[in-house]
Number of protein chains: 2
Amino acid sequence: MGFDRELLKGSIALLLLRLLSERDMYGYEIIQESMRRSQDAFEFKEGTLYPALHQLHKRGYIRSEWRTGENGKQRKYYGLTAAGKKAARRSEQEWFSFTKVVNAILSKANT
Amino acid sequence: MGFDRELLKGSIALLLLRLLSERDMYGYEIIQESMRRSQDAFEFKEGTLYPALHQLHKRGYIRSEWRTGENGKQRKYYGLTAAGKKAARRSEQEWFSFTKVVNAILSKANT
DNA sequence: GTTCATACCTCGTTATGCGATGTATAAGGT
DNA sequence: ACCTTATACATCGCATAACGAGGTATGAAC
């Protein structure tokens, strides 16, 4: 991943919820899309992604549906439920306030 | 803590290193100081703090020293080693680039 | 016809936050 | 004198989670 792996924790769900709030996506697409947007700095591992998706599903935040892609391959598309959309907004808010607090502590440590 | 606990992971070491780069502090002081700076939004738990400090010590990033405070109580002061100062700069850099990437993914998800 | 990209998944290891719990001292109230 | 509270250190065990490794299946390309 490039980053200290520990930094990632907690932001996984946030990223998934926000990505899916844009449009329905299938697993492999999520991996590629997040790499593309981060210029390969960020790479979802499959061992991370699928369990995370399933967990969000279990929590009722996402729904899943098999569709056949243009290439004839079966793809499992994931999308947000109503609760998921709420959770997306909530977790994004939490992310902003969290980074704000960390940055506050950091900046005061510089003086 | 208020936040999704998972968000914290990985930023703990960062915060400790940056706080100690400012001045030597003892454990209890770190807890109070981080609460003060975040307006009580951020509270280090003792079960989190001390193991984290010991781990940083084991990695050679911090040194510790018992001193007697003005109130007559024994306090264990922690400070950064040379390696710790380097690690502080490194982890701060990593934090900034990490938040940049996450924000990049988030912002594109809004369009 | 074999290799590669696509596409899904699970399991076990490892790491870690932190609640619970324990110890000890000093201060302050009653 | 006694109790509570704040200070100050620490450990242990539970639960959670990232992810490397491994597994299966399909279509395309060479």
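We name chains A, B, ... by the order of the sequence lines, and we start the count at 1 in each one.
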Can you tell me how far CG of A:L106 sits from OG of B:S91, rounded to the nearest 0.5 angstrom? 8.0 Å
Just to be sure I understand the geometry, which residues of residues 54-61 of chain B put a non-hydrogen atom under 4.0 Å away from DNA chain C? B:Q55
Whole-Å distance, A:M35 CE to C:dA5 P, equals 12 Å
Base, sugar-phosphate or nothing for B:Y77? Non-hydrogen atoms, less than 4.0 Å. nothing
Integer-rounded Å distance: C:dC8 P and A:E65 CD: 13 Å
Stepwise, does the side-chain contact (heavy atoms from CB on, under 4.5 Å) test hold for A:E92 with A:E94? CA-CA 5 Å; A:E92 194 182 20; A:E94 203 162 72; over 6 Å; no
Listed by chain and number, what are the salt bridge (charged side-chain N to carboxylate O under 4.0 Å, His left out) partners of B:R59, not counting sequence neighbours? none
Grab the CD1-C1' distance between B:I31 and C:dC18 for me, whole Å please. 12 Å
To the nearest Å, give me how far apart CG (A:L49) and C1' (D:dA18) are. 12 Å
What contact category does A:Q32 fall into here, base, sugar-phosphate, or nothing, at under 4.0 angstrom with non-hydrogen atoms? sugar-phosphate
Please figure out whether A:P51 or B:T48 has its closest DNA chain D nucleotide nearer the 5' end. B:T48
Pair up each side-chain donor or acceptor in residues 79-89 of chain B with any protein partner under 3.5 Å, not counting sequence neighbours, and list the distances.
from, atom 1, to, atom 2, distance (Å)
B:T81, OG1, B:G60, O, 2.6
B:T81, OG1, B:Y61, O, 3.1
B:T81, OG1, B:A83, N, 3.4
B:T81, OG1, B:G84, N, 3.1

A:Y50 OH - D:dA18 P separation (whole Å): 16 Å
Would you say C:dA26 has OP1 or OP2 under 4.0 Å from some side-chain N or O of B:Q74? no
Grab the N/O contacts between the protein and nucleotides 26-30 of chain D below 3.5 Å, and write none if there aren't any.
from, atom 1, to, atom 2, distance (Å)
D:dT26, O2, A:K73, NZ, 2.5

Determine yes or no for a side-chain-to-main-chain donor-acceptor pair under 3.5 angstrom, with A:Q32 supplying the side chain and A:E29 the backbone. no
Once salt bridge (charged side-chain N to carboxylate O under 4.0 Å, His left out) is applied, do any residues pair with B:E46, and if so which ones, sequence neighbours excluded? none
Using a 4.5 Å cut-off on heavy atoms from C-beta on, say whether the side chain of A:F44 contacts that of A:F42. yes
Mind jotting down which residue pairs meet the salt bridge (Lys or Arg N to Asp or Glu O under 4.0 Å) criterion with at least one end in residues 72-82 of chain A? Sequence neighbours excluded, please. A:E70-A:R75
Take atom CD1 of A:I30 and atom P of C:dC9, then tell me their distance rounded to the nearest Å. 11 Å
Between C:dT16 atom P and B:K45 atom NZ, what is the distance in whole Å? 18 Å
Using a cut-off of less than 4.0 Å, is there contact between a side-chain N or O of B:Y26 and OP1 or OP2 of D:dA8? yes
Test side-chain contact (heavy atoms from CB on, under 4.5 Å) on A:R67 and A:D24; report intermediate values, then the result. CA-CA 11 Å; A:R67 293 181 207 162; A:D24 285 11; 2.9 Å; yes
Measure CD/A:E46 against C1'/D:dA25 and give the value in whole Å, please. 13 Å
